[in-house]
J.: 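Before I ask anything, let me first share the structure, which is written out below as structure tokens.
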Amino acid sequence: MTTERTLSIIKPDAVKKNVLGQILKRFEDAGLRVVALKKVYLNEQTAGEFYAEHKERPFFGELVGFMTSGPCYPLVLEGAGAILKNRELMGATNPTKAEPGTIRHDFALPCTDLSANAVHGSDSPESAKREIGFFFSAAELA
Ligand code: UDP
Ligand code: MG
């Protein structure tokens, strides 16, 4: 399998729950390597730009509001088939539908707000490239 890089974000709800380390361990235990990590305070402009693909969706405003509600931790994961592997580790977008053992099931329940689902993960090589470049410079990725 090809070695890939993908972008994950530990979202503000997971940071508030103090499970940053437990989520990072999930990635490491699955054979993914954290090659870059930082703490970020998104604002309306940066969160809106990051989620631009969802601009017309009804949940966009709520999602931006949530992502600006506290610090988050974007990180770059590297490993064989990292993009799909990360999506599998995350589980379904809706934590109530995520399988036990996935990050969203284990760290985002109970869930009343779909924005607060613990993690983001790139969904394709194209989005991984854009999203990694959104948060990290070449020097930070070396
Ligand atoms: N989201 C939401 N309501 C929805 C669908 C998505 O609040 O009906 C939020 C949710 O936090 C999700 C994010 O918008 O993680 C991006 O949506 P996407 O469909 O890309 O889901 P993901 O790739 O994060 O699983
Ligand atoms: Mg997505």
Side-chain angles (χ1 to χ4, degrees), residues 1-99 102-142:
M1 219 183 299
T2 326
T3 299
E4 293 174 335
R5 286 183 172 189
T6 189
L7 185 91
S8 168
I9 305 175
I10 316 287
K11 292 187 177 186
D13 57 315
V15 176
K16 287 194 183 97
K17 284 179 184 161
N18 198 25
V19 292
L20 177 67
Q22 291 186 64
I23 293 176
L24 294 178
K25 188 172 188 311
R26 297 288 176 104
F27 300 139
E28 292 178 342
D29 287 348
L32 296 173
R33 180 172 291 273
V34 178
V35 295
L37 168 69
K38 64 172 73 165
K39 183 181 189 180
V40 167
Y41 290 82
L42 291 171
N43 59 37
E44 210 164 301
Q45 202 213 309
T46 51
E49 194 185 332
F50 181 78
Y51 280 115
E53 66 175 307
H54 297 305
K55 208 166 57 212
E56 307 305 329
R57 311 281 290 277
F59 59 82
F60 180 76
E62 220 171 290
L63 179 60
V64 167
F66 169 71
M67 291 301 288
T68 61
S69 68
C72 63
Y73 286 79
L75 61 134
V76 178
L77 295 168
E78 183 179 85
I83 297 168
L84 185 60
K85 190 177 274 186
N86 179 42
R87 295 292 311 191
E88 288 169 356
L89 293 170
M90 289 162 64
T93 303
N94 183 341
T96 65
K97 296 190 176 140
E99 295 292 331
T102 63
I103 293 168
R104 283 169 165 169
H105 176 278
D106 295 353
F107 299 113
L109 290 176
C111 169
T112 47
D113 170 8
L114 267 192
S115 302
N117 58 359
V119 281
H120 167 84
S122 307
D123 62 7
S124 68
E126 296 69 35
S127 55
K129 189 167 191 290
R130 181 188 81 83
E131 292 174 0
I132 290 169
F134 187 88
F135 286 110
F136 295 96
S137 68
E140 289 169 328
L141 294 165

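Just so it is clear, the model here is predicted, and its values are computed rather than measured.
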J.: For the pair R5 (side chain) and L141 (backbone), establish whether a donor and an acceptor sit closer than 3.5 Å, ignoring hydrogens and angles.
T.: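 Confirmed, R5 side chain pairs with L141 backbone.
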J.: If you apply the rule side chain to side chain contact (heavy atoms under 4.5 Å, CB included), what do you find for V40 with T46, and how did you get there?
T.: CA-CA 10 Å; V40 167; T46 51; over 6 Å; no
J.: What heavy-atom pair brings E4 and L84 nearest, and what distance separates the two atoms?
T.: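 Result for this residue pair: OE1-N, 4.5 Å.
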J.: Decide whether a cation-pi geometry holds between K11 and F66; the criteria are a distance under 6.0 Å from NZ or CZ to the six-membered ring centre and an angle within 45° of the ring axis.
T.: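 Not flagged: K11 not positioned over aromatic ring of F66.
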J.: So, does R104 use its side chain to make a donor-acceptor pair with the main chain of V119 at under 3.5 Å?
T.: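 Yes, because the side chain of R104 sits within donor-acceptor range (under 3.5 Å) of the backbone of V119.
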J.: Any side-chain heavy-atom pair from F136 and K38 closer than 4.5 angstrom?
T.: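 Yes - at least one pair of side-chain heavy atoms lies under 4.5 Å apart.
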J.: Please list all pairs passing the salt bridge (charged side-chain N to carboxylate O under 4.0 Å, His left out) test where one or both residues lie in residues 79-99, with sequence neighbours left out.
T.: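 Every candidate salt bridge (charged side-chain N to carboxylate O under 4.0 Å, His left out) pair involving residues 79-99 fails, so no pair, neighbours aside, qualifies.
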J.: Check whether any side-chain N or O of T6 sits under 3.5 Å from a backbone N or O of L77 as a donor-acceptor pair, and report yes or no.
T.: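 Between the backbone of L77 and the side chain of T6 there is no qualifying donor-acceptor contact (under 3.5 Å).
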J.: Which pair of heavy atoms, one from I83 and one from A128, lies closest together, and at what distance?
T.: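 For I83 and A128, the tightest heavy-atom pair comes out as CD1-CB, 4.1 Å.
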J.: Check step by step if side chain to side chain contact (heavy atoms under 4.5 Å, CB included) holds for F59 and L114.
T.: CA-CA 9 Å; F59 59 82; L114 267 192; over 6 Å; no
J.: Roughly how far, to the nearest 0.5 Å, is the CZ atom of R33 from the OG1 atom of T3?
T.: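 It comes to 11.0 Å.
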J.: Does N18 have any side chain to side chain donor-acceptor pair (under 3.5 Å) partners at least two apart in sequence or in another chain, and if so, which?
T.: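 Partners of N18 under the side chain to side chain donor-acceptor pair (under 3.5 Å) test: none.
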J.: Could you walk me through whether S69 and K16 pass side chain to side chain contact (heavy atoms under 4.5 Å, CB included), step by step?
T.: CA-CA 10 Å; S69 68; K16 287 194 183 97; 3.5 Å; yes
J.: Do the side chains of F107 and Q22 get nearer than 4.5 Å, heavy atoms only?
T.: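 Yes, their side chains come closer than 4.5 Å.
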J.: Sequence neighbours excluded, which residues qualify as side chain to side chain donor-acceptor pair (under 3.5 Å) partners of T68?
T.: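 Expected list: none.
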J.: Can you tell me how far apart CZ (F134) and CD (E49) are? Round to the nearest 0.5 Å.
T.: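 Between atom CZ of F134 and atom CD of E49 there are 4.5 Å.
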J.: Can you name the closest pair of heavy atoms from C72 and V15 and give their distance?
T.: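 Looking at all heavy atoms of both residues, the shortest contact is CA-CG2, 4.2 Å.
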J.: Donor-acceptor pair, distance only, cut-off 3.5 Å: does the side chain of E140 make one with the backbone of S137?
T.: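 Judged by distance alone, yes, a pair lies under 3.5 Å.
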J.: What is the minimum heavy-atom distance between A92 and A98, and which atoms define it?
T.: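 The pair with the smallest heavy-atom distance is N-CB, 3.7 Å.
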J.: Once salt bridge (charged side-chain N to carboxylate O under 4.0 Å, His left out) is applied, what residue pairs with a partner in residues 117-136 remain, sequence neighbours excluded?
T.: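 Every candidate salt bridge (charged side-chain N to carboxylate O under 4.0 Å, His left out) pair involving residues 117-136 fails, so no pair, neighbours aside, qualifies.
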J.: Crowded around K25 NZ? As in, over 12 foreign heavy atoms under 6.0 Å?
T.: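 No, the 6.0 Å shell around NZ holds no more than 12 heavy atoms from other groups.
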J.: Taking side chain to side chain donor-acceptor pair (under 3.5 Å) as the definition, give me every residue that meets it alongside K55, ordered by chain and number, with sequence neighbours left out.
T.: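 Applying side chain to side chain donor-acceptor pair (under 3.5 Å) to K55 gives none.
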J.: One pair to check against side chain to side chain contact (heavy atoms under 4.5 Å, CB included): F27 and L75. What are the steps and the verdict?
T.: CA-CA 11 Å; F27 300 139; L75 61 134; 3.9 Å; yes
J.: Does the plane of the ring in F135 sit parallel, tilted or perpendicular to the ring in F50? Use 30° and 60° as the thresholds.
T.: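 The rings of F135 and F50 sit tilted, inter-plane angle from 30° to 60°.
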J.: Shortest non-hydrogen contact from L20 to I10?
T.: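 Taking every non-hydrogen atom into account, CD1-CG1, 3.6 Å.
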J.: For the pair N117 (side chain) and T93 (backbone), establish whether a donor and an acceptor sit closer than 3.5 Å, ignoring hydrogens and angles.
T.: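 Confirmed, N117 side chain pairs with T93 backbone.
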J.: Considering residues at least two apart in sequence or located in another chain, which fulfil the side chain to side chain donor-acceptor pair (under 3.5 Å) criterion with D106?
T.: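 Checked D106 against side chain to side chain donor-acceptor pair (under 3.5 Å); matches are R26.
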J.: I need the minimum non-hydrogen distance between D13 and A108, along with the two atoms involved.
T.: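 Closest approach of D13 to A108, heavy atoms only: OD2-CB, 4.5 Å.
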J.: Report the distance from atom OG of S8 to atom CD1 of I23, rounding to the nearest 0.5 Å.
T.: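 It is 8.0 Å, given to the nearest 0.5 Å.
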